[in-house]
Asks: 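Following this message is one structure expressed as structure tokens.
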Number of protein chains: 2
Amino acid sequence: MATTIKDIARIAGVSPSTVSRILSNKKTLSSGYAPETISKINQIAKDLNYRKNRSAIELVTKTSQVLGIILPASPTNFAQEIIAGIQKVASLHDIDVIIAYAGEDSELLQMQALKTISERSVRGILLLGITLSATNAQFLRASDIPYIFLSVAQPEPDLPFIASNDFDIGYQATNYLIMHGHREIAFVGADIPSCVGQLRLDGYRQALKDHQIAYRADYVIPGNWLYEDGIQAMNMLEKLPHLTAVVAGSDLVAAGVINRARQLHHHIPSDLSIIGIDGTALCDIIYPQLTSIQQSFYEMGVKGTEQLIRQANITSSYTPICTKKGGSVATRNKQNE
Amino acid sequence: MATTIKDIARIAGVSPSTVSRILSNKKTLSSGYAPETISKINQIAKDLNYRKNRSAIELVTKTSQVLGIILPASPTNFAQEIIAGIQKVASLHDIDVIIAYAGEDSELLQMQALKTISERSVRGILLLGITLSATNAQFLRASDIPYIFLSVAQPEPDLPFIASNDFDIGYQATNYLIMHGHREIAFVGADIPSCVGQLRLDGYRQALKDHQIAYRADYVIPGNWLYEDGIQAMNMLEKLPHLTAVVAGSDLVAAGVINRARQLHHHIPSDLSIIGIDGTALCDIIYPQLTSIQQSFYEMGVKGTEQLIRQANITSSYTPICTKKGGSVATRNKQNE
DNA sequence: TTGTATGCGTTATCAC
DNA sequence: GTGATAACGCATACAA
């Protein structure tokens, strides 16, 4: 039987409310107590190994110091960066974090995760890297809990998000290669049907168009942002003789392309230039080091959490992107060929 | 104002008890109800957007469907694999997961995390990759909640764990290199003062001893399991001309050693053989692909969670390790030199 | 400065 | 089959 404030009150010879006020430690309430009462209570609490009962507190106060995070079933490698940002801010405000996993595709698992989170009286919900089905989005809205999506921009205005501008990412990656003299550029490994994939592809196409380069459907090889997709993509790219550069959907995809290219005896970047997307720690670790469009993942976590805690009106925003230079892109002299 | 059981009861014209029994969905209790009552209640609950109040449930039932995870402040790259295992089992049992972060070194942050978790009536606590201070371990014991440590073996018998045998890891890594003809072997990047580091170093030394190879203190370069430690280590290793092989404390360290070696124009593995520890996805991604002692991280998560849920007596155990072959170790012909 | 009384939303025990 | 009622542990309005 765990000790309660009643136990402490009985032993100390005071009322439970006294114990409650002292232990809850609110300056305004407990300031008036005699120092000896305070220290006595604290001592007894310690001796009896007293722990607060959060359920009881949350029940009576109807608020909690908990933030809910919903993650995709297979967290991407940058999810950790976002979570680090969330955790940083949360711990600064003495706020706990609970995590539930939702399948990306399975509507049922999504709902499960939403229920899990919304049944606990959380102060807010952070949804990482997922897009909800219409039904589930409706469920979220009806939950009456503040929420914000991270890393995936949402089309509907009442689903606030903090993310990169994925069109810009696609554009900037492609443009970077064009500026280095490339005109035969593939776009591989992205999950094209997804919002993110669609936007990045749009950016890619726009960059081509702005430089009078024809779009070729066979230069677009879809995937799921994975290392293996990079491997597969490279197998197909090999059959495209004029190709000189690749926009990879993620750093992982880029790593796959690079490694497979090496197996096929293509030299990076002289035979083939690669640019990644994400700018994760992986860029430095692979060889050659990867040039990549870097996203501000940590910042997404920080800003999202701050908004939720501040309880102000939640608004969507984009976090900055920048080009992180590695050694995977070569300058190409157009005149030479 | 969120809807409660009472609201539903009032509208349906039944008592709160009835609603509670039907909504809690226990076969034995609600089986006797008229189908029309059941469907009516469910319909109203849906219409009113009713959500259970977990705080109230946990308060009255004194049990919860929550598992607590305590993570080090900077989660290692394999933490995700362990968590995936935990999550898998937890979701199978309809159990939620809450996460708190503890600093590895800061006793205060550790305590904070322990409090956070133990104040919620969790069914069990999983401690990933951390070692508690004596005071904090005592606090954990006193919490009256089942717990188990994952991935770091604990010296005290009343702190159950599931981990790899780190002595064996050190031994096996070193032995693998010896079997490939190496005798001048460095041991780099491990956090030597830690339990894990100490055990692996012991294994390294024992392997050397078993093959009549003298231990050299300057062949041991400590670190913190990080990529940067690998870089630093390689800078120092360069000054050791006879060296032919390296045991890296982690795959990340190995990646650092390999990349720095390349910059210094040493060829891997012909000039220098490297073996990593962990066997993470990184092994395939870096070049050359890394030979590594692979740990069973996912299995740690699965087994630990099962034990906690089963509520049986928690016992320590070791998960298997195996050698994952890459291209970073060359066979050396002793006669040649 | 401290005590009393009440209620948070739910389940469980008993009664009908 | 269904309804009262008590209780879980705590915070707080009100009283003293």
Side-chain angles (χ1 to χ4, degrees), chain A residues 1-42 44-45 48-66 115 118-122 144, chain B residues 1-42 44-45 48-66 115 118-122 144:
Chain A
M1 200 62 189
T3 45
T4 71
I5 52 174
K6 282 185 193 168
D7 300 325
I8 299 177
R10 193 163 22 79
I11 295 175
V14 297
S15 77
S17 41
T18 299
V19 179
S20 169
R21 282 189 280 250
I22 288 176
L23 255 30
S24 70
N25 209 19
K26 296 235 179 72
K27 302 277 185 306
T28 48
L29 288 177
S30 61
S31 61
Y33 281 94
E36 56 208 33
T37 311
I38 295 180
S39 66
K40 183 169 66 175
I41 298 296
N42 280 323
I44 297 176
L48 263 56
N49 192 31
Y50 170 75
R51 323 255 166 137
K52 295 182 187 179
N53 183 322
R54 287 281 169 204
S55 302
I57 296 178
E58 286 173 9
L59 179 60
V60 68
T61 64
K62 293 179 144 190
T63 68
S64 79
Q65 299 294 71
V66 183
K115 272 203 183 128
S118 70
E119 285 178 358
R120 322 195 143 267
S121 48
V122 296
D144 205 32
Chain B
M1 200 60 190
T3 48
T4 72
I5 277 189
K6 287 182 189 168
D7 300 327
I8 299 176
R10 194 164 20 80
I11 296 175
V14 297
S15 76
S17 320
T18 300
V19 179
S20 170
R21 283 188 279 249
I22 289 176
L23 255 30
S24 70
N25 209 19
K26 299 236 178 72
K27 301 278 184 308
T28 48
L29 287 176
S30 60
S31 61
Y33 281 94
E36 56 207 33
T37 313
I38 294 181
S39 66
K40 182 170 67 178
I41 298 294
N42 281 322
I44 297 176
L48 263 55
N49 193 31
Y50 168 76
R51 323 255 166 137
K52 294 183 187 177
N53 183 322
R54 286 281 170 203
S55 302
I57 296 178
E58 287 174 7
L59 179 60
V60 66
T61 64
K62 295 181 146 191
T63 68
S64 80
Q65 299 293 71
V66 183
K115 271 201 184 131
S118 69
E119 284 177 0
R120 322 196 141 266
S121 48
V122 296
D144 205 33

Asks: Donor-acceptor pair, distance only, cut-off 3.5 Å: does the side chain of B:T3 make one with the backbone of B:L48?
Replies: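 Between the backbone of B:L48 and the side chain of B:T3 there is a qualifying donor-acceptor contact (under 3.5 Å).
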
Asks: The side chain of A:R21 lies closest to which of these nucleotides: C:dT11, D:dA13, D:dC10?
Replies: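 Within the option list, the nearest is D:dA13.
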
Asks: Please state how far atom CG in B:L23 lies from atom P in D:dT2, giving the value in whole angstrom units.
Replies: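 One finds 15 Å between P of D:dT2 and CG of B:L23, rounded.
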
Asks: Starting at the 5' end of DNA chain D, which residue's closest nucleotide do you reach first, A:L59 or B:G13?
Replies: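 Comparing both residues, the 5'-ward one is B:G13.
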
Asks: Separation of B:K40 atom NZ from D:dG1 atom C1', in whole Å?
Replies: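 To the nearest whole Å, that distance equals 13 Å.
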
Asks: Using the side-chain contact (heavy atoms from CB on, under 4.5 Å) rule, take A:Y50 and A:I44 through it: C-alpha gap first, then chi angles, then the decisive distance, then the call.
Replies: CA-CA 8 Å; A:Y50 170 75; A:I44 297 176; over 6 Å; no

Asks: Is it the case that C:dT4 (base atoms only) and A:S17 (side chain only) share a donor and an acceptor within less than 3.5 Å, ignoring hydrogens and angles?
Replies: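 Present.
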
Asks: Taking CD from B:E58 and P from D:dC8, how many angstroms apart are they, rounded to a whole number?
Replies: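 Between P of D:dC8 and CD of B:E58: 17 Å.
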
Asks: Is it true that a side-chain atom of B:S121 and a backbone atom of B:S64 form a donor plus acceptor pair closer than 3.5 Å?
Replies: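 A pair under 3.5 Å: no.
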
Asks: Which one, D:dT2, D:dG9, C:dT11, comes nearest to the side chain of B:V60?
Replies: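 Between D:dT2, D:dG9, C:dT11, the one nearest the side chain of B:V60 would be C:dT11.
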
Asks: So, OP1 or OP2 of C:dT11: does either fall under 4.0 Å of a side-chain N or O from B:S20?
Replies: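 Answer is yes, contact under 4.0 Å.
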
Asks: Please classify the nucleic acid contact of A:T37 as base, sugar-phosphate, or nothing, using heavy-atom distances under 4.0 Å.
Replies: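 Touches sugar-phosphate only.
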
Asks: Please report, rounded to the nearest Å, how far the P atom of C:dG9 is from the CD1 atom of B:I22.
Replies: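 Nearest whole value for this atom pair: 20 Å.
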
Asks: Between A:N49 and B:D144, is there a side-chain heavy-atom distance shorter than 4.5 Å?
Replies: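 When only atoms from C-beta onward are counted, A:N49 and B:D144 do not touch, as no gap falls below 4.5 Å.
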
Asks: Between the two ends of the helix from C:dT1-D:dA16 to C:dC16-D:dG1, what is the bend in degrees, rounded to 10 degrees, where each end axis spans five pairs?
Replies: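 Between the first-five-pair axis and the last-five-pair axis there is 40°.
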
Asks: B:R10 CZ to D:dG3 C1': how many Å, rounded?
Replies: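 In whole Å, D:dG3 C1' lies 17 Å from B:R10 CZ.
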
Asks: Return no unless some side-chain N or O of A:K62 is found under 4.0 Å from OP1 or OP2 of D:dA11.
Replies: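 No, because none of the side-chain N or O atoms of A:K62 sits under 4.0 Å from OP1 or OP2 of D:dA11.
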
Asks: Does the pair A:E119/B:R54 count as a salt bridge with the N-to-O cut at 4.0 Å?
Replies: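 Answer for the salt bridge query: yes.
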
Asks: With a non-hydrogen cut-off below 4.0 angstrom, is A:I57 in contact with a base, only sugar-phosphate, or nothing?
Replies: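 Sugar-phosphate only.
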
Asks: Round to a whole Å and report the spacing from CD of A:E36 to P of C:dT1.
Replies: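 Roughly 12 Å, once rounded to whole Å.
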
Asks: Quick one: is B:T4 getting a side-chain N or O under 4.0 Å of the C:dG9 phosphate, OP1 or OP2?
Replies: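 So the side chain of B:T4 is outside the cut-off, no N or O lying under 4.0 Å from OP1 or OP2 of C:dG9.
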
Asks: Taking NZ from B:K6 and C1' from D:dT5, how many angstroms apart are they, rounded to a whole number?
Replies: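 Between C1' of D:dT5 and NZ of B:K6: 12 Å.
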
Asks: What's the CD-P distance between A:E119 and C:dG9, to the nearest Å?
Replies: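 In whole Å, C:dG9 P lies 15 Å from A:E119 CD.
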
Asks: Nearest to the A:A56 side chain among D:dA13, D:dG9, C:dT10, which nucleotide is it?
Replies: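 Closest of the options to the side chain of A:A56: D:dG9.
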
Asks: When you check the phosphate oxygens OP1 and OP2 of D:dT2, does a side-chain N or O of B:S15 lie under 4.0 Å from one of them?
Replies: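 No, B:S15 has no side-chain N/O under 4.0 Å of OP1/OP2 on D:dT2.
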
Asks: Taking the side chain as C-beta and beyond, is there a heavy-atom pair between B:K52 and B:I57 under 4.5 Å?
Replies: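 B:K52 vs B:I57: side chains touch.
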
Asks: Please evaluate residues B:N53 and A:L59 with respect to the criterion side-chain contact (heavy atoms from CB on, under 4.5 Å), reporting the C-alpha separation (whole Å), side-chain torsions for both, the decisive distance (0.1 Å), and the verdict.
Replies: CA-CA 8 Å; B:N53 183 322; A:L59 179 60; 4.0 Å; yes

Asks: Quick one: do the B:S20 and B:S17 side chains pair a donor with an acceptor below 3.5 Å?
Replies: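 No, no side-chain donor-acceptor contact under 3.5 Å.
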
